[in-house]
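Sharing a structure with you now.
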Amino acid sequence: MNNRLYKYYPEDFGELTVDVLHMDLVFDVYDDRTNVKSVLRVRTKDEPIEKLELNCRDLEVRAVSCFQSEVSYRYRKDDAILEIDFMDTIPPQTEIAVITDTVCRPTKNILEGLYYDETPAGAPPQQITQCQQWGFQRIVPCIDDMCAKCTYRTTIIADSRYTNLITNGDVAVERQTVKPGRDKIVYDNSITPMATYLFFLGVGTYATFKREFEYPDGDTFMLELLVPPGSSEEAAEEALDILHDAVMWVYLFTGPEQFDETKLPVRKELWELVRKREDMKLEGKEVRLEELQELREKLAGLAAGITSGYKYTGTVYREIGMQNSDFGGMENVGNTTITTNRIMPFPQITDPAFEYMIRVKVHEYHHNQNGSEVTGKSPFEIWLNEAVTVHVEEQYHAFLFGEDYQRLGRVLDLLAPASGTFALDSGAASMPIIPDGFNDPNDLITAVTYVKAPEYVRMVETLIGRDTFVRGLDRYFKKFSHSNATTEDWIEAVEEESGQPLKEMSGTWLKQIRFPVVEVSAEYDRAEKKFTFLIKQKVPEGGKPWEFPLKAALVDENGNDLAEVMERISEETSTITIENVDLPAFLSLNRGYSFYGKLVYKASQEELLLQVRKDSDIIGRFTAFYTLVDREKFRLLKNPDAKPSEDFVDLYYRLLNDRQLLERAGGQFLTIFESVEDEEFAHSYQALYDVKQKLLKAVAWKYRSSIISAYRFFENSSVSRDSTLEEAARVIKVRQAKNFCLNILATLDTPDIHALIKQQFETATCATDRLSAFAAYLNSSAPDKIEVLRAFEAESKKNLVAWEAFLGVIGNNSSIDAVELVREMERSPAFRIEQTNDQRALYGSFARNRKKSLQTEEGRALFEEILRKLTPVNEYSTVNMLNAFANIDLMESKYHIPLVKILADLLGELDPQNFPSVYNRIRKLLLGAPKAVKAYGIEHGEIPALQS
């Protein structure tokens, strides 16, 4: 029995035997196949070679040759290797050209290589590629390695009916008809040598929208947006505006001097003047040409006085809508693909989706620098490509929405019980930032990569200072431009700039699973006026203490800081002493969530209540609130007959009416999770849902009229005053507060509240309000809710954006009909299991709805069916859903055997070679649940796949 948990380990990625220089590619695209001719130019290194192995997966090989030598070849299909033997030994430092003639065939559900995307009515089949990480070998024999960076010249020949024939680079030969019904175009990608995973090819039918991007110094390139035919011109233009702002922000507000306070006013002036220039360009009045020229000269003069961030090097930067993809977005050197439902502000887009759209645009664009120009050395560096880019993305989100809102949103991502990073990072599916191995590169696209890893980067920034950090980044980008870099290279660049040691800290964070749990106690010496923090962190068994920054403050009864400290914690126990300070009214600990982990401090109720009202740090306020709510939930769980305390009810009401707080943090501050920290009840999912509803209902009963008044206030305030992104951010925050009011009132479940909810559903002018009302109505006892559901279902089916959002509500609903409703939707002709948006929306939300999917018999039966059906369709989606089983051992014993049985039965059916990610994730989950597996073994016998 092979006990390897992973298919690939670091030792599988050695040095290449040749340097890859260039590829000349010709793609002759047809509806059911693509003929590919490739000339691959490589140069041998310091050793001669007698053979060359190319990655070649699921291709038909028609011919192989070499200009410099006769060859023979063998296609090892099971290994996905095309082995080429040279008749003549190729000497060191010799350039050769290998020619291959192959055929690739697109698929509908393998979303890698060349595959079919959503085809517009009457058009030839829409075909696009996805090459991260090993999709390129599915379209052409190659050295499919992140270090195989080279230049490309690509010819596409395809059906003349396609509106767009696209690949990387600039157009070298314009599109022309070569024979009836067939067109040809040639692209040259020679400025930025790129790794194979960044290659893109697309032939499709799109509506194309364009906008010129002009830098302050006058340099220009073209922004393009490719979306489904018939798309709203207004929405497309707004999407281009949003992209324009993201690109300009990267130029103006990133780079080695982005935090230079003396230059910040210049950057802000440039930002406003650019907007003014763009408005003038759109107006296009000839009488203003002289004024426009004066403005351009002023912009150029101001720009010369700053050190800018990344500047794009191509002639076109294109965003392409992809309806079916495992990823929300993918950078492809000049051709970013973004899930169509998030590429522009459709009328049906929700507020969270709108925020995602803003973030994904700046994220994928920044990958032009971090990922494309500087590329990780192997898949084990994917974290580095992503974490630094997410760090920049979060800065942009904070620029628009405010630092408080952005940071609190990230903390909520960490704490969320079903899908949060702490939940993922503490269960049996936990993996380090740099894992020991992986089964498929998609395994590395997780919250650990996109949340925990950026939090590690943020901790590094906190320790060395943000000015030093961005200079370190700049050093790294310049040193490794157009090449590959390792994790060690990045750490060394930041160390060199800061002069601070980071290797030991980084080694722990990058290779150790889970996170620090830090217990803090405090002492105050009145005579000496000395305050001491006593810090103890729980060290993982066999592991090392974590090293992290801890920000803390002593605060008086008015919310004024008496003292604030930032200390580097590196030992199992530490002390922090503050001299000559008055006795504080409360402590503000882990300010700004300075470290990724959980902090335990036994503050009194009075201290916490004061902190929630007075702490100047928004995260301090929220964590105090979180602790108070956690204690309240635990008390009610221990005694189901108990009532919510008046202190809690009054506090929640005061927070709901704290307009200044909600303006800064949004309605998200009012979040109450279906969770508790105490393990006794942490996985009693239905009970946790019931307790949350009990708390909100108590608030609603006591303050019903006032909450309705607050609802009306937020409703009036959520009307947009202008079209800027800053105003959109304000409205989103207000709308959150309004819908929290609605959800509180919904717990009353009375006819008049049903009427209020239905009124919002029927009169809503935005998707978020409509879906919020629909979700509340679906969970109510309203007699006509099924009628409303049917009408909304019929309407949603007509639009893919609306359908995805509708399915998400169904999968997450808490009604007694929840499981049957999911079954109904998957039986609908509109539900397509091969479409990832449908999978994620319906199946993914149901998997996370653990009170239904894990803790009801009918839910478990459905979940097992879903996993069995989905595995052969999409391993990546299946693996993500399996994370719901990460805490089996911590659940009540009555669930152990039925949940293990689901996994054991699946394991017995799966071929580990065909489905390595699902197979090995199940093994990992079972190995992480020894108690439950033992109980299962007593009743059903040992699980063969777990035995040596």
Side-chain angles (χ1 to χ4, degrees), residues 394 398 403-416 420-423 425-426 451-452 454-463 465-466 505 508-509 514-522 531-539 545-555 559 561-578 584-604 607-608 610-631 664-665 668-669 671 673 675 677:
E394 290 182 339
E403 179 64 35
D404 286 342
Y405 178 85
Q406 190 283 321
R407 191 60 187 150
L408 180 56
R410 172 57 78 218
V411 172
L412 293 175
D413 288 342
L414 298 178
L415 295 170
T421 317
F422 287 149
D425 200 18
S426 57
V451 180
K452 182 179 182 179
E455 287 298 298
Y456 152 73
V457 169
R458 192 175 191 275
M459 287 187 288
V460 170
E461 179 193 58
T462 300
L463 285 170
R466 61 183 190 174
M505 169 199 177
T508 304
W509 277 102
R514 299 189 167 87
F515 46 85
V517 176
V518 180
E519 296 178 355
V520 175
S521 56
F531 194 95
T532 303
F533 291 105
L534 306 171
I535 300 157
K536 182 178 181 180
Q537 59 167 302
K538 294 180 181 177
V539 179
W546 305 88
E547 193 168 344
F548 55 87
L550 176 61
K551 281 187 178 180
L554 311 181
V555 189
D561 292 353
L562 300 172
E564 186 179 40
V565 295
M566 195 284 286
E567 293 288 335
R568 185 171 184 156
I569 306 299
S570 58
E571 303 296 332
E572 189 172 348
T573 59
S574 310
T575 59
I576 301 173
T577 301
I578 301 173
F586 63 87
L587 308 183
S588 180
L589 302 172
N590 200 16
R591 283 196 145 183
Y593 230 87
S594 56
F595 74 90
Y596 173 86
K598 292 191 175 182
L599 187 144
V600 181
Y601 173 65
K602 295 180 180 177
S604 68
E607 288 175 291
L608 291 171
L610 183 61
Q611 184 178 4
V612 172
R613 296 198 303 271
K614 298 290 187 178
D615 199 339
S616 61
D617 179 64
I618 202 75
I619 303 303
R621 289 184 75 174
F622 180 77
T623 52
F625 171 66
Y626 178 88
T627 302
L628 284 167
V629 175
D630 192 74
R631 290 179 182 179
R664 290 169 59 197
Q668 62 183 357
F669 190 96
T671 299
F673 289 120
S675 65
E677 292 293 327

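Residues: numbered from 1 along the sequence shown. Nothing here was measured: the structure is a model prediction, and the numbers come from that model.
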For this session: Evaluate side-chain contact (heavy atoms from CB on, under 4.5 Å) for Leu562 paired with Val555, printing each intermediate quantity in order.
Result: CA-CA 5 Å; Leu562 300 172; Val555 189; over 6 Å; no
Problem set entry | 4.5 Å side-chain heavy-atom contact, Val518 and Val600 |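 In short, these two side chains do not touch, never coming nearer than 4.5 Å.
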Exercise. Is there a side-chain contact between Tyr601 and Ser521, using heavy atoms and a 4.5 Å cut-off?
Worked result: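 Counting from C-beta outward, Tyr601 and Ser521 never come under 4.5 Å.
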Problem set entry | Over all atoms of both residues, closest heavy-atom pair of Glu571 and Pro545 |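 Closest pair (atom of Glu571, atom of Pro545, distance): C-CB, 4.1 Å.
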Exercise. Judged by modelled atom types alone, do Tyr456 and Glu461 share a side-chain donor-acceptor pair under 3.5 Å?
Worked result: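 There is no such pair (donor and acceptor under 3.5 Å, judged by atom type) between the side chains of Tyr456 and Glu461.
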Exercise. Does any non-hydrogen side-chain atom of Phe533 lie less than 4.5 Å from one of Ile578?
Worked result: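 SC-SC contact between Ile578 and Phe533 confirmed.
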Problem set entry | Glu564: side chain to side chain donor-acceptor pair (under 3.5 Å) partners, not counting sequence neighbours |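 Side chain to side chain donor-acceptor pair (under 3.5 Å) check on Glu564 returns Arg591.
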Exercise. Does atom NZ of Lys598 have more than 12 heavy-atom neighbours from other groups under 6.0 Å away?
Worked result: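 Above 12, so yes.
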For this session: Output all residues satisfying side chain to side chain donor-acceptor pair (under 3.5 Å) with Lys614, sequence neighbours left out; order by chain, then residue number.
Result: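 With sequence neighbours excluded, Lys614 shows a side chain to side chain donor-acceptor pair (under 3.5 Å) to no residue whatsoever.
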Exercise. Among all residues two or more places apart in sequence or in another chain, which pass the side-chain contact (heavy atoms from CB on, under 4.5 Å) test with Ala416?
Worked result: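 Listed in chain order: Ser419, Phe673.
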For this session: Starting at CZ of Phe625, measure out to CD of Gln611 and round the result to the nearest 0.5 Å.
Result: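 Between Phe625 CZ and Gln611 CD, I get 13.0 Å after rounding to 0.5 Å.
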Exercise. Hey, would you say the Phe548 and Tyr596 ring centroids sit under 6.0 Å apart?
Worked result: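 No.
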Problem set entry | Side chains of Thr671 and Gln668, donor plus acceptor under 3.5 Å |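 Distance-only check fails for Thr671 and Gln668.
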For this session: Please list, chain by chain and in numerical order, all residues satisfying side-chain contact (heavy atoms from CB on, under 4.5 Å) with Thr577, sequence neighbours excluded.
Result: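 Per chain and number, Thr577 pairs via side-chain contact (heavy atoms from CB on, under 4.5 Å) with Lys530, Thr532, Glu579.
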For this session: Give a yes or no on whether the ring-centroid distance for Phe515 and Phe595 is below 6.0 angstrom.
Result: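 No, the ring of Phe515 stays outside the 6.0 Å limit from the ring of Phe595, centre to centre.
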Exercise. Does a side chain donor of either Ser594 or Asn590 reach within less than 3.5 Å of an acceptor in the other side chain?
Worked result: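 A donor-acceptor contact under 3.5 Å links the two side chains.
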Problem set entry | Partners passing side-chain contact (heavy atoms from CB on, under 4.5 Å) against Glu547 (at least two apart in sequence or in another chain) |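 Once residues adjacent in sequence are excluded, the partners of Glu547 under the side-chain contact (heavy atoms from CB on, under 4.5 Å) criterion are Met505, Arg568, Ser570.
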Exercise. When rounded to the nearest 0.5 angstrom, what distance separates NZ in Lys536 from CD1 in Ile569?
Worked result: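 One finds 15.0 Å between NZ of Lys536 and CD1 of Ile569.
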Exercise. Got Trp546 and Gln537 here, is their nearest side-chain heavy-atom distance under 4.5 Å?
Worked result: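 Yes, their side chains come closer than 4.5 Å.
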Problem set entry | Qualifying residues under side-chain contact (heavy atoms from CB on, under 4.5 Å), relative to Ala423, sequence neighbours excluded |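 Ala423: no side-chain contact (heavy atoms from CB on, under 4.5 Å) contacts found.
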For this session: Working to the nearest 0.5 Å, report the span between OG of Ser588 and CZ of Arg621.
Result: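 Result: 11.0 Å between the selected atoms.
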For this session: Can you see which heavy atom on Arg458 is nearest to which on Gly592, and at what distance?
Result: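 That would be NH1-O, 3.4 Å.
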Exercise. Relative to each other, are the rings of Phe622 and Phe669 parallel, tilted or perpendicular (30° and 60° limits)?
Worked result: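 Judged by the thresholds at 30° and 60°, the geometry between Phe622 and Phe669 is perpendicular.
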Exercise. Does any non-hydrogen side-chain atom of Leu550 lie less than 4.5 Å from one of Ile576?
Worked result: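 Sidechains of Leu550 and Ile576: in contact.
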